[in-house]
Amino acid sequence: MFGSSAGPLEGTAGPICQSNVPEWMLGPDDRSQMMVLILRRKPNNNSTSNNPAEDAPLSDSIIVGTSIELKIGTKATRTLNASREGRGSRYILRTSSKKIIDSLMTITELTDGTQIEIVAHPTLNTVQGLVYDSDTINKDEQLIQEYLRTQGVHSVRRIKKRVNGTLKNTPLLVLSFHGTVLPKHIYLGLMRTQVRTYYPSPMICFNCGLYGHSKKLCRQPAIICLRCSVTHDIPQGEQCSNAPLCLHCKAGHHITSKECPKYKEEEKIVRMKTDRNISFTEARRLCTEAAKKDSFSSVVQEQIQQDLIAKDQLIKTLQNQVAVLKKELITLKKSMQSRHQSQTRSPRDQSIPTTTTKPHTQLSPCSSLQKDACVQNERLSRKDQSFISPPTKRRDNRKANNNEHYMQTRSRSGKRQLDISPTETINDRGKRIPVPLDTGSTPIYTGNNKGPRTS
């Protein structure tokens with residue numbers, strides 16, 4: 001199934017894998033993807049890789065920039081994507097121009113005499129992808145690597161799982177590609193297989209239980225138990241019987257548990273490093289800054305939430321008070337209306353007050369029909385405030401006098417009233433009436449004609 005048509009690696013970073021940039025958009029001096037270079041101090045011939053002199057800060061950034069400008073020009077320098085790492089001990093340079101890459105690799109000294117080197121980054125020029133292929137589950141990894149070398153693959157590793165204490169192969173393959181862009185697919189024989197981004201598990205030391213380095217690079221002399229976080233000797237083939245205790249969060253689980261907050265934090269760092277194609281140091285710094293911002297924003301959000309809750313409670317209290325005041329206002333309004341109606345009743349609805357009239361006031365007898373009319377037409381006199389009947393018309397007055405033998409003047413106060421004899425007729429009005437001589441009385445006049453009548 002697999003051939004052996006594998007050629008040697010081309011250049012420093014190997015063959016260029018496909019990218020998202022179309023070939024017709026690339027110029028004669030452009031690569032299909034970025035290349036990552038590292039600028040650092042040149043190590044001595046008799047020094048080791050852990051020499052502290054290599055981690056010493058480089059010269060001023062202005063001196064570094066001036067040295068590069070003198071070599072490749074100002075315009076080309078502005079196209080570089082540069083960043084500092086290791087507290088200024090090294091610079092990361094990114095460019096897709098072949099000419100600029102060749103020129104940068106020839107720089108060996110800065111303007112202040114510092115010896116440097118610019119080489120391809122050892123890890124950032126490689127991307128890893130995950131493929132699933134069940135047909136190659138029993139194929140050798142080295143054979144698969146030789147077949148895929150023409151497609152930019154320089155390393156193949158199969159993921160295995162432990163079943164009943166034995167490691168067994170799985171259809172998952174981790175492929176390492178040259179370059180900084182992960183291809184979307186590869187060809188395994190005649191089959192086109194999709195390539196997905198591979199996120200490795202956070203690196204943990206099985207010697208000290210800390211993240212960020214392996215057991216080979218650990219400087220701690222004592223070996224810590226990954227179950228109980230205690231330094232003790234365990235016989236080979238046996239397990240710790242102590243209660244689980246995490247070294248990082250002090251919770252009741254193993255140090256390597258995926259539920260640990262420290263593990264989740266390291267997992268975020270790995271994902272950021274893979275997605276942005278940056279170093280672990282840079283990814284850790286960015287995650288730490290993001291965590292600080294998130295903590296500050298969470299505090300602000302919590303304070304805002306508390307303020308909103310307090311405001312809602314105040315609004316609810318005010319609404320309850322307004323409802324109570326509204327009810328009291330309605331009750332008060334009803335009582336005021338009832339009181340106003342009782343004070344401003346019409347004269348027809350008012351009962352006749354029991355007031356004593358003056359002795360000289362005389363009320364004439366009325367018939368049953370006239371009494372009803374008098375009660376409806378009663379009103380107060382302007383002088384003595386006594387109730388009197390309103391004056392009737394002249395004809396009606398005469399008719400009433402003829403029928404009831406009653407005569408009343410136009411006085412509203414009711415003081416002046418004239419009585420007639422029951423035996424007097426209407427024809428006798430206005431005439432002098434003879435008075436007997438033995439009575440000793442004087443003649444008087446009645447009516448408008450001033451007729452005589454006896455007193």
Side-chain angles (χ1 to χ4, degrees), residues 12-13 36-58 83-92 116-117 119-128 141 154-160 162 167 174 176 178 198-234 236 240 245-249 253-258 260-288 291:
T12 306
V36 184
L37 304 176
I38 182 172
L39 187 155
R40 62 190 177 188
R41 286 179 180 270
K42 188 175 183 179
N44 297 329
N45 296 330
N46 56 356
S47 64
T48 61
S49 58
N50 294 329
N51 188 5
E54 297 181 11
D55 296 334
L58 290 171
S83 62
R84 288 192 303 179
E85 287 187 354
R87 298 178 181 179
S89 61
R90 55 188 179 271
Y91 285 80
I92 305 299
I116 63 168
E117 64 177 1
V119 295
H121 199 283
T123 59
L124 297 185
N125 288 297
T126 299
V127 291
Q128 291 182 327
E141 300 173 11
H154 65 84
S155 176
V156 176
R157 179 174 62 88
R158 184 179 296 278
I159 296 178
K160 299 181 180 182
R162 188 177 298 276
L167 293 177
V174 180
S176 299
H178 290 290
Y198 172 71
Y199 297 101
S201 299
M203 183 182 295
I204 187 171
C205 177
F206 291 95
N207 187 28
C208 64
L210 300 179
Y211 288 95
H213 64 275
S214 62
K215 185 177 181 179
K216 295 180 180 180
L217 301 176
C218 184
R219 299 178 182 179
Q220 299 293 334
I223 299 177
I224 194 172
C225 179
L226 299 180
R227 176 182 172 86
C228 61
S229 304
V230 178
T231 303
H232 59 85
D233 295 332
I234 302 175
Q236 188 176 3
C240 178
L245 179 63
C246 181
L247 176 65
H248 306 288
C249 63
H253 55 251
H254 297 187
I255 296 178
T256 58
S257 175
K258 294 184 178 181
C260 181
K262 183 65 176 178
Y263 179 88
K264 295 180 180 180
E265 180 182 347
E266 293 293 327
E267 191 176 23
K268 290 182 180 179
I269 295 174
V270 171
R271 286 183 171 270
M272 180 176 289
K273 187 263 179 191
T274 304
D275 294 336
R276 299 191 180 185
N277 194 25
I278 56 179
S279 63
F280 276 105
T281 305
E282 186 69 11
R284 192 178 299 277
R285 183 183 65 83
L286 294 177
C287 286
T288 303

Rounding to 0.5 Å, atoms NE2 (H178) and NE2 (H154) come to a distance of 4.5 Å
So OH of Y199 and CZ of R271: to nearest 0.5 Å the spacing works out to 5.5 Å
Would you say the side chain of P43 lies within less than 4.5 Å of the side chain of E117, judging by non-hydrogen atoms?
-> yes
Test side-chain contact (heavy atoms from CB on, under 4.5 Å) applied to Y211 and I269, I204, I255, V270, the passing residue = I204
Would E85 and R90 pass as an ion pair if we require N to O under 4.0 Å?
-> yes
So C287 and M272, side-chain contact (heavy atoms from CB on, under 4.5 Å) or not? Walk me through it.
-> CA-CA 8 Å; C287 286; M272 180 176 289; 3.8 Å; yes
To the nearest 0.5 Å, how far apart are CD1 in I92 and CZ in R40?
-> 9.5 Å
Examine distances only and state if a side-chain atom of N125 and a backbone atom of V36 form a donor-acceptor pair shorter than 3.5 Å.
-> yes
Enter the distance from Y198:OH to I159:CD1 here, rounded to the nearest 0.5 Å.
-> 5.0 Å
Has R158 got more than 12 heavy atoms of other residues, nucleotides or ligands less than 6.0 Å from its CZ?
-> yes
When rounded to the nearest 0.5 angstrom, what is the spacing between NZ in K262 and OG in S257?
-> 15.0 Å
Side-chain donor/acceptor pairs under 3.5 Å, residues 220-230, sequence neighbours excluded:
unit_1, atom_1, unit_2, atom_2, d
R227, NE, C240, O, 3.3
R227, NE, N242, O, 2.7
R227, NH1, H254, NE2, 3.2
R227, NH2, N242, O, 3.2
S229, OG, L245, O, 2.6
S229, OG, L247, N, 3.1

Would a distance-only check, ignoring hydrogens and angles, find a side-chain to backbone donor-acceptor pair under 3.5 Å from H248 to G209?
-> yes
List the steps and the verdict of side-chain contact (heavy atoms from CB on, under 4.5 Å) for I116 and K42.
-> CA-CA 5 Å; I116 63 168; K42 188 175 183 179; 5.7 Å; no
Do P200 and V174 have side-chain heavy atoms sitting under 4.5 Å apart?
-> no
Output, in order, the C-alpha distance, side-chain angles, deciding distance and verdict of side-chain contact (heavy atoms from CB on, under 4.5 Å) for L124 and I278.
-> CA-CA 7 Å; L124 297 185; I278 56 179; 5.5 Å; no
Shortest non-hydrogen separation from S214 to M203 and the atoms involved | N-SD, 3.6 Å
SG-NE2 distance between C218 and H213, expressed to the nearest 0.5 angstrom = 4.0 Å
Please say which of E267, E265, E266 ends up in a side-chain contact (heavy atoms from CB on, under 4.5 Å) with Y263.
-> E267
